[in-house]
K.L.:
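Take a look at this one; I'll ask things after.
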Amino acid sequence: MSSAPGKLIVLSGPGGVGKSTIVAELKKFDHFYFSVSATTRQPRPGEIDGVAYHFVSDAEFSQMVDSKVFLEWAEFAGAKYGTPKQPVLNALQQGKHVLLEIEIEGARQVKRSMPSAVMVFLQPPSMAELEARITNRGTDTPERIAARLALARQEMAAAGEFDHLLTNHQVDEVIQALVSLATS
Ligand code: 5GP
């Protein structure tokens, strides 16, 4: 165990840009502690409660907000998402680097409450590619796809608020960049 506190890396960017693919790849290595968020959205096929997310009801989520469980929380495309604070603080104290994969509004909240967080924005190679990814996902209804497209366009406008801008050309390159941000 290291005595130096770990770094908090916030990976954000528009929905559909490929953040979760990056995280899935990174989980094969031991570089980061990964926070498990709570969400009110329904599990997708294959998602396991407590692993992908803690899947909770609206009432449970509200109770967690009231009890100040969250480091940040936000609404995204009709569901709520939040990062439980204590596991993140524990991991940082133990010298682990922590990676939060969250949307923009939550990222802003983390920056306000933990200014030393390393803020990373993942952008798509092009807007056309992002739109294709969101449209072809196959698990969402047409209404939800339309909402996600509109949101993604808004989210792209936040890129300038972040310390580091990475383009998702190659998963390996993004992973290397994140690891070097944590270890440099
Ligand atoms: P999805 O429903 O596709 O898993 O995630 C939708 C969006 O919510 C993604 O942009 C993802 O990064 C974000 N997200 C996941 N967990 C959290 C969280 O704890 N807080 C915030 N603010 N956003 C989250």
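Both counts, for ligands and for their atoms, begin at 1 and track the order of listing. Bear in mind the structure is a predicted one, so any value in this text is a computation, not a measurement.
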K.L.:
Using a strict threshold of under 4.0 Å (side-chain N to carboxylate O), is an ion pair present between R148 and E143?
P.N.:
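Looking at E143 and R148, the cut-off is not met.
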
K.L.:
At what distance is the nearest protein heavy atom to atom 7 (C) of ligand 1, and which residue and atom is it?
P.N.:
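Looking at atom 7 (C) of ligand 1, the protein heavy atom closest to it is F76 CD2, 3.7 Å.
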
K.L.:
Does ligand 1 have a heavy atom under 4.0 Å from the side chain of Y81, from its backbone, from both, or from neither?
P.N.:
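It is both parts that get close, each with some atom under 4.0 Å.
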
K.L.:
Going by the order shown, which atoms of ligand 1 are within less than 4.0 Å of some heavy atom of R148?
P.N.:
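The atoms of ligand 1 under 4.0 Å from a heavy atom of R148 are 2 (O), 3 (O).
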
K.L.:
Mind listing the closest non-hydrogen atom pair of L26 and F32 along with its distance?
P.N.:
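Closest approach of L26 to F32: CD2-CE1, 3.9 Å.
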
K.L.:
Treating Ile, Leu, Val, Met, Phe, Trp and Tyr as nodes and any side-chain heavy-atom pair under 4.5 angstrom as an edge, say whether L100 and Y53 lie in one connected cluster.
P.N.:
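Cluster IDs for L100 and Y53 differ.
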
K.L.:
Does a side chain donor of either Q176 or D172 reach within less than 3.5 Å of an acceptor in the other side chain?
P.N.:
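Q176 vs D172: no donor-acceptor pair found between side chains.
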
K.L.:
Salt bridge between K111 and D163, side-chain N to carboxylate O under 4.0 Å?
P.N.:
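So K111 pairs with D163 through a salt bridge.
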
K.L.:
Examine G82 against ligand 1 and note whether any of their N/O atoms are separated by less than 3.5 Å.
P.N.:
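Checking ligand 1 against G82, an N or O pair does fall under 3.5 Å apart.
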
K.L.:
Suppose we measure from atom 23 (N) of ligand 1 to each protein heavy atom; which comes out shortest, and what is that distance?
P.N.:
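Closest protein heavy atom to atom 23 (N) of ligand 1: E103 N, 3.1 Å.
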
K.L.:
So which of R44, H54, E72 gets nearest to atom 18 (C) of ligand 1, if we judge by its closest heavy atom?
P.N.:
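Nearest heavy atom to atom 18 (C) of ligand 1 lies in E72.
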
K.L.:
Can you report which non-hydrogen protein atom sits closest to atom 9 (C) of ligand 1, along with the distance?
P.N.:
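Checked against all protein heavy atoms, atom 9 (C) of ligand 1 sits closest to K19 NZ, 3.9 Å.
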
K.L.:
Hey, which atoms in ligand 1 end up nearer than 4.0 Å to a heavy atom of I102?
P.N.:
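Counting atoms of ligand 1 from 1, those under 4.0 Å from I102 are 12 (O), 14 (N), 17 (C), 18 (C), 19 (O), 20 (N), 21 (C), 22 (N), 23 (N), 24 (C).
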
K.L.:
Given that the side chain starts at C-beta and the backbone is N, CA, C, O, which of these parts of R41 lies under 4.0 Å from ligand 1, counting heavy atoms, or is it both or neither?
P.N.:
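Within the 4.0 Å criterion, R41 contacts ligand 1 through side-chain atoms alone.
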
K.L.:
Work out which heavy atom in T183 is nearest to a heavy atom in V179; give both atom names and the distance.
P.N.:
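Heavy atoms only, the tightest pair is OG1-O, 2.8 Å.
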
K.L.:
Tell me whether ligand 1 is touched by Y53 - counting only heavy atoms on the residue side and a distance under 4.0 Å.
P.N.:
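Flag set, Y53 near ligand 1.
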
K.L.:
At a 4.0 Å threshold, what atoms of ligand 1 neighbour a non-hydrogen atom of S37?
P.N.:
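Those of ligand 1 that fall under 4.0 Å from S37 are 16 (N), 17 (C), 18 (C), 19 (O).
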
K.L.:
Check whether F34 forms a cation-pi arrangement with K27 (NZ or CZ under 6.0 Å from the six-membered ring centre, at most 45° off the ring normal).
P.N.:
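Here K27 passes the 6.0 Å and 45° test against F34.
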
K.L.:
Pull out every atom of ligand 1 sitting under 4.0 Å from any heavy atom of T83, numbered as shown with elements.
P.N.:
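Going through ligand 1 atom by atom, the ones under 4.0 Å from T83 are 18 (C), 19 (O).
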
K.L.:
Are there over 12 heavy-atom neighbours, none belonging to E75, within less than 6.0 Å of that residue's CD?
P.N.:
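Atom CD in E75 is packed in, count exceeds 12.
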
K.L.:
Is there a nitrogen or oxygen of W73 sitting under 3.5 Å from a nitrogen or oxygen of ligand 1?
P.N.:
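Such a contact does not occur with ligand 1.
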
K.L.:
Got more than 12 heavy atoms from elsewhere within 6.0 Å of CG, N136?
P.N.:
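Counting other residues, nucleotides and ligands, CG of N136 exceeds 12 neighbours.
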
K.L.:
Using a strict 4.0 Å cut-off to heavy atoms of G106, name the atoms of ligand 1 that fall inside it.
P.N.:
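Result: 22 (N).
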
K.L.:
Is it the case that the ring center of F61 lies less than 6.0 angstrom away from the ring center of F70?
P.N.:
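Between F70 and F61, the centre distance is under 6.0 Å.
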
K.L.:
Name the closest protein heavy atom to atom 11 (C) of ligand 1, giving the residue it belongs to and the distance to 0.1 Å.
P.N.:
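For this ligand atom, the closest protein heavy atom is E101 OE2, 3.2 Å.
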
K.L.:
Within less than 4.0 angstrom of ligand 1, does E75 place any heavy atom?
P.N.:
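Per 4.0 Å heavy-atom rule, E75 does not contact ligand 1.
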
